[in-house]
Amino acid sequence: MPTNPVFTPVDSQGNVIGAAGTPSAVNVSNSPTVFTVVQPPVSLFTEAAQSRTTNGATAAQTWTNNVSSVIVGINVTGFAGGTNVVVSLQQQDANGVWQTLGASTAITATGAATFSVGQGMATGAVLVSGGSYRLAWTLTGTFTTLTFQLSVQGR
């Protein structure tokens, strides 16, 4: 009776793969179960809510070595006077120029918003390990009150 201490791979009809003749290598695509190992999210940047009434950007941050995708969180707690704010994630290229990797839709009221960037996301930009990034915001209109906080989580 054959034994396999790890697992016995079967195809979609329940036939043991490699059962006839000598044992063969198992192709993961033929295995009935495929496991994906995902690292837990890591907080890369967070700040307290701040009042802002002009365009701006955070100080430059540094990507950690193992981050391939991120989610940017925006929490607007005060909004009056202007039309909208758009928050973008920017990465510095080899020439020192800030390039936009992704951005929020126009935010027009208080509340929370997010957007994702990186491997496997709609905006599949490459996050350069050890490179610099920042969050920037562009305001439309003249705000009397605009208070929001930003965060970045990655994996």
Check against side-chain contact (heavy atoms from CB on, under 4.5 Å), V117 and L127: CA-CA 8 Å; V117 174; L127 308 180; 4.1 Å; yes

Closer than 3.5 angstrom, by distance alone: can the side chain of [X] be matched with the main-chain N or O of [Y] as a donor-acceptor pair?
| X | Y | answer |
| --- | --- | --- |
| T144 | A80 | yes |
| Q91 | V126 | yes |
| N95 | V97 | no |
| T62 | G130 | no |

Cluster check L150, V42: I/L/V/M/F/W/Y, side chain < 4.5 angstrom: yes

Indicate the atoms forming the closest heavy-atom contact of [X] with [Y], along with that distance.
| X | Y | value |
| --- | --- | --- |
| S104 | I74 | CB-CD1, 3.8 Å |
| A103 | V86 | CB-CG1, 4.1 Å |
| L146 | L139 | CD2-CD2, 3.2 Å |
| S129 | N65 | OG-O, 2.9 Å |
| R134 | A59 | CB-O, 4.1 Å |
| V152 | Y133 | CG2-CE1, 4.4 Å |

Between atom [atom1] of [X] and atom [atom2] of [Y], what is the distance when rounded to the nearest 0.5 Å?
| X | Y | atom1 | atom2 | answer |
| --- | --- | --- | --- | --- |
| S69 | M121 | OG | CE | 4.0 Å |
| L101 | S116 | CG | OG | 12.5 Å |
| W98 | S132 | CH2 | OG | 5.0 Å |
| Q153 | T46 | CD | OG1 | 8.5 Å |
| R155 | I71 | CZ | CD1 | 10.0 Å |

Note, V70 side chain near L44 side chain (heavy atom, < 4.5 Å): yes

Sub-4.5 Å side-chain heavy-atom contact between T147 and V76: no

Parallel, tilted or perpendicular, as decided by the 30° and 60° cut-offs, for the rings of F79 and F143: perpendicular

Test side-chain hydrogen bond (donor to acceptor under 3.5 Å, both in side chains) applied to N84 and T140, step by step: CA-CA 5 Å; N84 65 60; T140 303; 3.3 Å; yes

Which residues share a side chain to side chain donor-acceptor pair (under 3.5 Å) with Q50, sequence neighbours left out: E47

Residues in ring-ring contact (aromatic ring centres under 6.0 Å, His included) contact with F148, at least two apart in sequence or another chain: W137

L135 and V72: CA distance, side-chain angles, deciding distance, side-chain contact (heavy atoms from CB on, under 4.5 Å) verdict: CA-CA 9 Å; L135 296 165; V72 175; 3.8 Å; yes

Whether over 12 other heavy atoms sit under 6.0 Å from Q61 CD: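 Count over threshold, so yes.
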
